[in-house]
Protein chains: 2
Amino acid sequence: MTILVRMVRTRTFDPTAALTKAVNLFSCKGYSETSMEDIVQATGVSRYGLYGTFGNKRELFEQALDRYADGMGKNSFLRLLEPDASLDHIRTIFAERVDDMCCEEETKGCLFIHTAMELAPQDNDLRDVLQKFMKRMGKAFSVGLESAKARGEIRDDVDVNDAGELLTSTMFGLAVLGRTGFKRETLDGIVDNTLAAMQ
Amino acid sequence: MTILVRMVRTRTFDPTAALTKAVNLFSCKGYSETSMEDIVQATGVSRYGLYGTFGNKRELFEQALDRYADGMGKNSFLRLLEPDASLDHIRTIFAERVDDMCCEEETKGCLFIHTAMELAPQDNDLRDVLQKFMKRMGKAFSVGLESAKARGEIRDDVDVNDAGELLTSTMFGLAVLGRTGFKRETLDGIVDNTLAAMQ
DNA sequence: TAAATAACAGAATGCTCATTCTGTTTTAGT
DNA sequence: ACTAAAACAGAATGAGCATTCTGTTATTTA
C-alpha cells in the first residue's frame, strides 16, 4: 500500500533550525518556563507548523533533548573516542562547559539537569532516555581516560569506569554552581583538582 | 506609638509544621510544579492562612529555602565544625545524601538545585541567598577536612578550601544522577573515589 | 452576654498556557 | 486558469494557576 501525499503548499520554515532554537530555549529556561508561544516567537514558526512537525510540547522537548545530546556528542565527546584522545581533550570539554555556564549575558543552562529535575521523576520514558545519554557520557569519559592512561597522563591505578562516572557527575555539579553565579575561577579550580587526583 | 492587635480568633495551624510540609513539596517538585493548592492540600492550611502567614508564593519559597538550608546545616554540616570532625562525618553526610536521592518511593530532590535551575537566573536576591548557602556548605566541608587532616585522614598537600568547593559540587552532581535513576552503588562509588583522592 | 474582628472555607477573578479551530493563502496537478 | 488540500495566522477554548474577595465562625474583651 502506498500513501500518496500531495504537497500543495511548501513549508516555509526549516525544522532543523527551528529545533535548534527550541533547544536553546529549553536548555536556558527548562521545560515549564518555556512556553509554546516563546518558541513561536523565537523561531518565527506558527503554532500550526510546530504542532504539525513536532507533535506537542512534550514530544518537541524529547526531540530537543535528543538534539542536545547529539550536539554534545558531536561537539565534545566524539573526540574522546579517537585513539589519540588525551587529558587535554578532557580539559577542553570542561573548559567549554565552564564557558557555557559562566557566560555573562545569559547562562546557557543544561538541558540534562532541567530534564532530571523537572521531568524525570514523572516521566519514565524521558528518564530512561536521559539516563542513556548520561551513561554514554560516562562511557566516553572512560574511553578518553583510557587513552590518556596509555599516554601516561593518568595514573595506572585509576579505574576508568569509576572515573568516567565521577567526571559525569562533576559536569552537573559545575553547572549548578555556574547557575548560582559562582566565579569562573572557582569552577576551573574544581576541574583542576578533580583531574589532578587522577594524574 | 503602640499598635494594639486584638487576637479574636486563635490560629488553628502551626506555621512551623506548615513550612516543613512546604519545604518537602518544593524540594521534591520544585517551584513552578508546586501549586499553592498543593500546599493547601498537604498542610491542611487554608489559602488565607498561607498568604497571611507567609506572604505570597515567592516569599513562602524563600522561607522554605531558608528552612531547608537550616535543616541541612543542623542535621549535617554542624557536625563538621566540631573540633573532632573526621572523614567519617563527611562520609555520613554523603551517605545520607545518597539515601535521600535513591529513596525508592519518591526521590526527595534538592531544593538548592531547583532554585539554581528555575529561579536563580531571574531572581538575583534568591540567587545571592542560594550562593551564600552553597558557600557555607563549602566552608563547612573545608573545616571538616581540616580536622580530618589533623587526624591524618587527609593528605597534607590537599588544599581544604579547594576540596570543600569540590565536595559541594559533588553533592549536586550526585543529586542529578540520583534523580535520573542511577543506582545507589554508582553514587556510592563516586563518593568513594572522590574522597579516596584526598586520602 | 454582646460586640468586634481575626481566622477560616471556598467562591470569584484575572492571567497564562497548551492545544484546537477557523478562515485565508499558496501551490501542485489537472 | 481552476481545484484541492496543505500551510499558514491568529482567534477561540478550556484548563490550571496565584491571588483576592465574600460570607461565616470563633474567641477575646468590655
Side-chain angles (χ1 to χ4, degrees), chain A residues 2-19 21-23 25-26 28-65 114-115 118-119 121-123 125-126, chain B residues 2-19 21-23 25-26 28-65 114-115 118-119 121-123 125-126:
Chain A
T2 35
I3 297 175
L4 211 93
V5 177
R6 207 154 65 111
M7 195 65 132
V8 285
R9 185 175 167 177
T10 48
R11 191 154 51 184
T12 58
F13 72 95
D14 172 15
T16 300
L19 189 55
K21 290 268 176 61
V23 168
L25 284 174
F26 280 134
C28 183
K29 307 202 294 173
Y31 182 77
S32 35
E33 287 300 299
T34 303
S35 69
M36 290 299 281
E37 180 61 24
D38 288 340
I39 300 172
V40 168
Q41 295 297 329
T43 59
V45 176
S46 70
R47 258 165 281 274
Y48 178 93
L50 292 178
Y51 280 90
T53 305
F54 300 109
N56 57 24
K57 190 184 179 186
R58 159 68 176 70
E59 294 172 60
L60 170 56
F61 184 85
E62 187 162 346
Q63 291 167 71
L65 183 60
H114 280 300
T115 308
E118 279 187 88
L119 302 167
Q122 328 287 337
D123 188 326
D125 291 343
L126 222 37
Chain B
T2 36
I3 297 174
L4 211 92
V5 177
R6 212 156 60 112
M7 195 64 132
V8 286
R9 184 176 169 177
T10 49
R11 189 155 51 185
T12 58
F13 72 94
D14 173 14
T16 301
L19 189 55
K21 290 268 176 60
V23 169
L25 284 174
F26 279 134
C28 182
K29 307 202 294 174
Y31 183 78
S32 35
E33 286 302 299
T34 303
S35 69
M36 290 300 280
E37 180 62 23
D38 288 340
I39 300 172
V40 167
Q41 296 296 330
T43 58
V45 176
S46 71
R47 256 165 283 272
Y48 178 93
L50 291 178
Y51 280 91
T53 305
F54 301 109
N56 57 25
K57 190 184 180 185
R58 161 68 176 67
E59 294 173 57
L60 170 58
F61 184 85
E62 187 162 347
Q63 292 168 70
L65 183 60
H114 281 301
T115 309
E118 277 188 271
L119 302 166
Q122 326 287 336
D123 187 327
D125 291 344
L126 224 37

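All chains are named by letter (A, B, ...) in the order of the sequence lines, taking the proteins before the strands, and each is independently numbered beginning at 1.
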Q: Give the rounded distance in Å between these two atoms: OH of Y51(A) and P of dT22(C).
A: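 Roughly 17 Å, once rounded to whole Å.
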
Q: D38(A): which residues meet the salt bridge (Lys or Arg N to Asp or Glu O under 4.0 Å) condition with it, sequence neighbours left out?
A: K29(A)

Q: May I have the distance from F54(B) (atom CZ) to dT19(D) (atom P), rounded to whole angstrom?
A: 14 Å

Q: Quickly work out the E33(A) CD to dC17(D) P distance and round it to whole Å.
A: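 About 14 Å, once rounded to whole Å.
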
Q: Could you check whether T34(B) gets within reach of a base, just the sugar-phosphate, or nothing at all, counting any heavy atom under 4.0 Å?
A: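 Contact class for T34(B): sugar-phosphate only.
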
Q: Do the non-hydrogen side-chain atoms of F26(A) and K57(A) ever get within less than 4.5 Å of each other?
A: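 Result yes, sub-4.5 Å side-chain heavy-atom pair found.
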
Q: Keeping Q63(B) on the side-chain end and L19(B) on the backbone end, is there a donor-acceptor pair under 3.5 Å?
A: no

Q: Starting from P on dG16(D), measure out to CD1 on I39(B) and report it in whole angstrom.
A: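 Result: 18 Å.
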
Q: Which is true for S32(A) with a 4.0 Å heavy-atom rule: it touches a base, it touches only sugar-phosphate, or it touches nothing?
A: nothing

Q: Could you tell me how far apart R58(B) (CZ) and dC17(D) (C1') are, to the nearest whole angstrom?
A: 18 Å

Q: Side-chain contact, heavy-atom cut-off 4.5 Å: E118(B) with H114(A)?
A: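 Side chain of E118(B) against side chain of H114(A), heavy atoms only: no contact under 4.5 Å found.
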
Q: For the pair made of CD in E37(B) and P in dT13(C), what is the distance, rounded to whole Å?
A: 18 Å

Q: Who pairs with T53(A) by side chain to side chain contact (heavy atoms under 4.5 Å, CB included), at least two apart in sequence or on another chain?
A: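 T53(A): side chain to side chain contact (heavy atoms under 4.5 Å, CB included) contacts with R11(A), F13(A), P15(A).
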
Q: Hey, what are the protein-to-nucleotides 8-14 of chain D N/O distances that come in under 3.5 Å?
A:
from	atom 1	to	atom 2	distance (Å)
dC8(D)	OP1	T12(A)	N	2.6
dC8(D)	OP1	T12(A)	OG1	2.4

Q: Specify whether Y31(A) and F61(A) have parallel, tilted or perpendicular ring planes, treating 30° as the upper limit for parallel and 60° as the lower limit for perpendicular.
A: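 Perpendicular: the ring planes of Y31(A) and F61(A) meet at over 60°.
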
